[in-house]
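Each remark here refers to the structure printed beneath this line.
All values below were derived from every heavy atom in this structure, side-chain atoms included, with hydrogens, water molecules and symmetry-related copies excluded. Everything quoted here is computed from the prediction, not taken from an experiment.
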Amino acid sequence: MEAANALVGSALHDDDREFVERCCLMVGTRAHSGSPLLGLAALCLGHTARRFGRLGDEALALVHSLAARAEADPQDVDGRALDGLDDTRSFLHLW
């Protein structure tokens, strides 16, 4: 729970985009399959895209990867990853 609160708090309030991305990347690449932190990492990157109007290549790739995993198996990555991808596409104009 503390990790989730820290991730969301940084995505919504931290002014250092690169720091937020590093946190999301760390969580999104290290959490085990089925962890709610996976979908949350993608969602937080969507918030980061909204706030800053950009994401680094590695963060963008992670959002896409987590969303693909969520589509393939919602028990692997929850649907918040799809919301994160939608936000990223919308706010970065990637449609």
Side-chain angles (χ1 to χ4, degrees):
M1 186 68 148
E2 285 184 39
N5 289 338
L7 199 60
V8 171
S10 65
L12 294 177
H13 304 292
D14 198 292
D15 290 332
D16 185 342
R17 179 190 57 83
E18 290 177 355
F19 171 77
V20 175
E21 286 185 23
R22 280 193 309 273
C23 292
C24 292
L25 285 163
M26 186 180 347
V27 170
T29 58
R30 294 183 182 180
H32 61 83
S33 177
S35 170
L37 292 173
L38 292 171
L40 185 63
L43 182 63
C44 287
L45 286 169
H47 291 317
T48 304
R50 174 184 53 80
R51 289 186 61 225
F52 295 99
R54 62 179 285 220
L55 286 179
D57 292 340
E58 198 173 358
L60 192 55
L62 179 63
V63 172
H64 283 275
S65 172
L66 291 171
R69 287 173 60 184
E71 268 191 330
D73 182 1
Q75 291 187 350
D76 175 25
V77 177
D78 69 63
R80 291 178 296 177
L82 299 171
D83 295 336
L85 179 60
D86 286 344
D87 288 349
T88 300
R89 286 178 171 165
S90 177
F91 294 110
L92 300 184
H93 309 290
L94 300 174
W95 290 104

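Proximity of a side-chain donor or acceptor of R80 to a complementary backbone N or O of P36 within less than 3.5 Å is detected. Listed for the S65 side chain is no donor-acceptor partner under 3.5 Å among the backbone atoms of A61. Side chain of S10 to main chain of A6: a donor-acceptor pair is present (N/O by atom type, distance under 3.5 Å, no hydrogens or angles). Side-chain atoms of R17 do not come within 3.5 Å of backbone N or O of L55 as any donor-acceptor pair. Between the E58 side chain and the L25 main chain, no donor and acceptor come within less than 3.5 Å of each other.
Under the 4.5 Å side-chain heavy-atom criterion for Ile, Leu, Val, Met, Phe, Trp and Tyr, L66 and L40 are members of distinct hydrophobic clusters. In the hydrophobic clustering of this structure, V27 does not group with L45; members are Ile, Leu, Val, Met, Phe, Trp, Tyr whose side-chain heavy atoms approach within less than 4.5 Å, directly or through other members. Linking ILVMFWY side-chain heavy atoms closer than 4.5 Å, directly or via other members, places V8 and F19 in two distinct hydrophobic clusters. The same ILVMFWY cluster, assembled from side-chain heavy atoms under 4.5 Å apart, contains both V77 and L60. Criterion: ILVMFWY side-chain heavy atoms under 4.5 Å apart, direct or through other members. Under it, L12 and L43 are part of a common hydrophobic cluster.
The distance from the OG atom of S33 to the CZ atom of R69 is 6.0 Å, given to the nearest 0.5 Å. D14 contributes atom CG, which lies 11.0 Å from atom CG of L7 (distance to the nearest 0.5 angstrom). Separating the CG atom in L37 from the CZ atom in R30 is a distance of 13.0 Å, to the nearest 0.5 Å. The line from NE2 of H47 to OG1 of T88 is 10.0 Å long, rounded to the nearest 0.5 Å. With rounding to the nearest 0.5 Å, the separation of CZ in F52 from CG in D16 is 7.5 Å. The CD atom of E21 sits 8.0 Å away from atom SG of C24, with the distance rounded to the nearest 0.5 Å.
Scanning both residues, G28 and L38, for their nearest heavy atoms gives O-CD2, 3.5 Å. R51 and H13 make their closest contact through NH1-N, 3.6 Å (heavy atoms, listed as atom of the first residue, atom of the second, distance). Nearest heavy-atom pair, A67 versus L85, reported as atom, atom and distance to 0.1 Å: CB-CD2, 3.6 Å.
A salt bridge does not link R50 to D87: none of the charged side-chain nitrogens sits closer than 4.0 Å to a carboxylate oxygen.
Here D57 pairs with nothing under the salt bridge (charged side-chain N to carboxylate O under 4.0 Å, His left out) rule; sequence neighbours left out.
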